[in-house]
Amino acid sequence: MLAGAAKAEVSAALLHAFETEPSEHVSEYQYYASEFPEPYLGRRQEFGRLFYDSLGIAQSDTAARSRQTAKNFAFFGAPVGLIVTIDRRLATGSWLDLGMFIQNVMLAAVGRGLQSCPQETFAKYHRILRPALSIPAEQMVACGISMGHPRERGRARLMPRADLEAFASFKGFED
Ligand SMILES: Cc1cc2nc3c(=O)[nH]c(=O)nc-3n(C[C@H](O)[C@H](O)[C@H](O)COP(=O)(O)O)c2cc1C
């Protein structure tokens, strides 16, 4: 967990790497499938449209998109930043455990009036994070999380949710 000067130092190092050598930094794991099938591809494209529209950024404006991406490294101005790692010797099931752990952290934050944003972008910058945070060699950077007080409470959700029937089926509920 990072705050204050320690967070500022890490943010500055990441931002420098992002601005000067972005293609040199690659995640140690694959977040998206190389061939991203439907319906996921369409959902990701829809999210991109809604996200950049909400920020007033044209999809073709690569400079403005890059300035938005850069905000990741300052943890979007949140007072606390988390870097989440996982032991690389563990198998896929443990990533399920880690996802649930992260969600619990995020829900615990909500329970305390805080909000958070998970960010896989940090995984790309493990070569900067490892020495800066003394991350042991067996640990892989999975993601970061920004955490702080929400500016607005109860803000409308940006991304629509799929209908329940689109991802769940019900059997034996007739009676
Ligand atoms: C695992 C995961 C990784 C994410 N990584 C990033 C990221 O690196 N940068 C970013 O701006 N948003 C990222 N997001 C998206 C935001 O955290 C957030 O989920 C998005 O704004 C949509 O909000 P919603 O999930 O409440 O609909 C990620 C989301 C998830 C679930």
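Both counts, for ligands and for their atoms, begin at 1 and track the order of listing. All values below were derived from every heavy atom in this structure, side-chain atoms included, with hydrogens, water molecules and symmetry-related copies excluded.
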| request: Assess Gln68 for proximity to ligand 1: is some non-hydrogen atom of it under 4.0 Å away? | output: no

| Nearest to atom 11 (O) of ligand 1, what protein heavy atom do you find, and at what distance? | Phe76 CZ, 3.4 Å

| Contact between Phe122 and ligand 1, counting heavy atoms under 4.0 Å? | no

| Donor-acceptor contact below 3.5 Å, side chain Tyr29 vs main chain Ala142 | yes

| Side chain of Thr20, backbone of His16: donor and acceptor closer than 3.5 Å? | yes

| said: Quick check: closest heavy atoms across Phe76 and Asn72, and the distance to 0.1 Å? | reply: CZ-OD1, 3.4 Å

| Least distance between heavy atoms, Glu120 atom then Cys143 atom | CA-CB, 4.0 Å

| request: Measure the distance from atom 22 (C) of ligand 1 to every protein heavy atom, then report the residue, atom name and distance (to 0.1 Å) of the closest one. | output: Phe47 CE1, 3.8 Å

| field | Aromatic plane relationship, Phe18 with Phe73 - under 30° parallel, 30 to 60° tilted, over 60° perpendicular | value | tilted

| query | Counting only N and O atoms by type, is there a donor-acceptor contact under 3.5 Å from the side chain of Arg130 to the main-chain atoms of Gln139? | reply | yes

| query | Would you say ligand 1 has an N or O under 3.5 Å from any N or O of Tyr31? | reply | no

| query | Charged N to carboxylate O under 4.0 angstrom, Glu28 versus Lys124? | reply | no

| remark: Note: Phe51, heavy atoms under 4.0 Å from ligand 1, region reported as neither

| said: Any atom of ligand 1 sitting under 4.0 Å from a heavy atom of Leu158? | reply: no

| query | Protein heavy atoms: any of them under 4.0 Å from atom 19 (O) of ligand 1? | reply | no

| field | For Ala78 against Ser146, the heavy-atom pair lying closest together | value | CB-CB, 4.0 Å

| note | min-distance protein heavy atom vs atom 9 (N) of ligand 1 -> Asn72 OD1, 2.9 Å

| Please state which protein non-hydrogen atom is closest to atom 8 (O) of ligand 1 and give its distance, to 0.1 Å? | Thr121 OG1, 2.4 Å

| query | Quick one: which ligand 1 atoms are inside 4.0 Å of a heavy atom on Arg157? | reply | 26 (O)

| query | Quick check: are there more than 12 heavy atoms from other residues, nucleotides or ligands sitting under 6.0 Å from CZ of Phe36? | reply | yes

| query | Do Met159 and ligand 1 have an N or O pair less than 3.5 Å apart? | reply | no

| message | Quick check on Gln59: does its CD atom have over 12 non-hydrogen neighbours (other residues, nucleotides or ligands) under 6.0 Å away? | response | yes

| To which protein heavy atom is atom 27 (O) of ligand 1 closest, and what is the distance rounded to 0.1 Å? | Arg161 NH1, 2.9 Å

| Is there at least one protein heavy-atom neighbour under 4.0 Å from atom 24 (P) of ligand 1? | yes

| query | Which residue owns the protein heavy atom closest to atom 16 (C) of ligand 1, what's the atom, and how far is it? | reply | Cys117 SG, 3.8 Å

| Looking only at heavy atoms, is any part of Lys71 under 4.0 Å from ligand 1, and if so is it the side chain, the backbone, or both, or is it neither? | neither

| request: Considering non-hydrogen atoms only, spot the tightest contact between Ile83 and Leu2 and give its length. | output: CG1-CD1, 4.2 Å

| message | With a 6.0 Å cut-off (strictly less than), is the heavy-atom count around CZ of Phe101, excluding the residue itself, greater than 12? | response | no

| task | Look at ligand 1 and say whether Cys143 reaches it with a heavy atom at a distance under 4.0 Å. | result | no

| task | Identify the protein heavy atom lying closest to atom 4 (C) of ligand 1, giving its residue, its atom name and the separation to 0.1 Å. | result | Pro118 O, 3.2 Å

| task | May I ask you to identify the nearest protein heavy atom to atom 5 (N) of ligand 1, giving residue, atom name and distance to one decimal place in Å? | result | Glu120 N, 2.9 Å

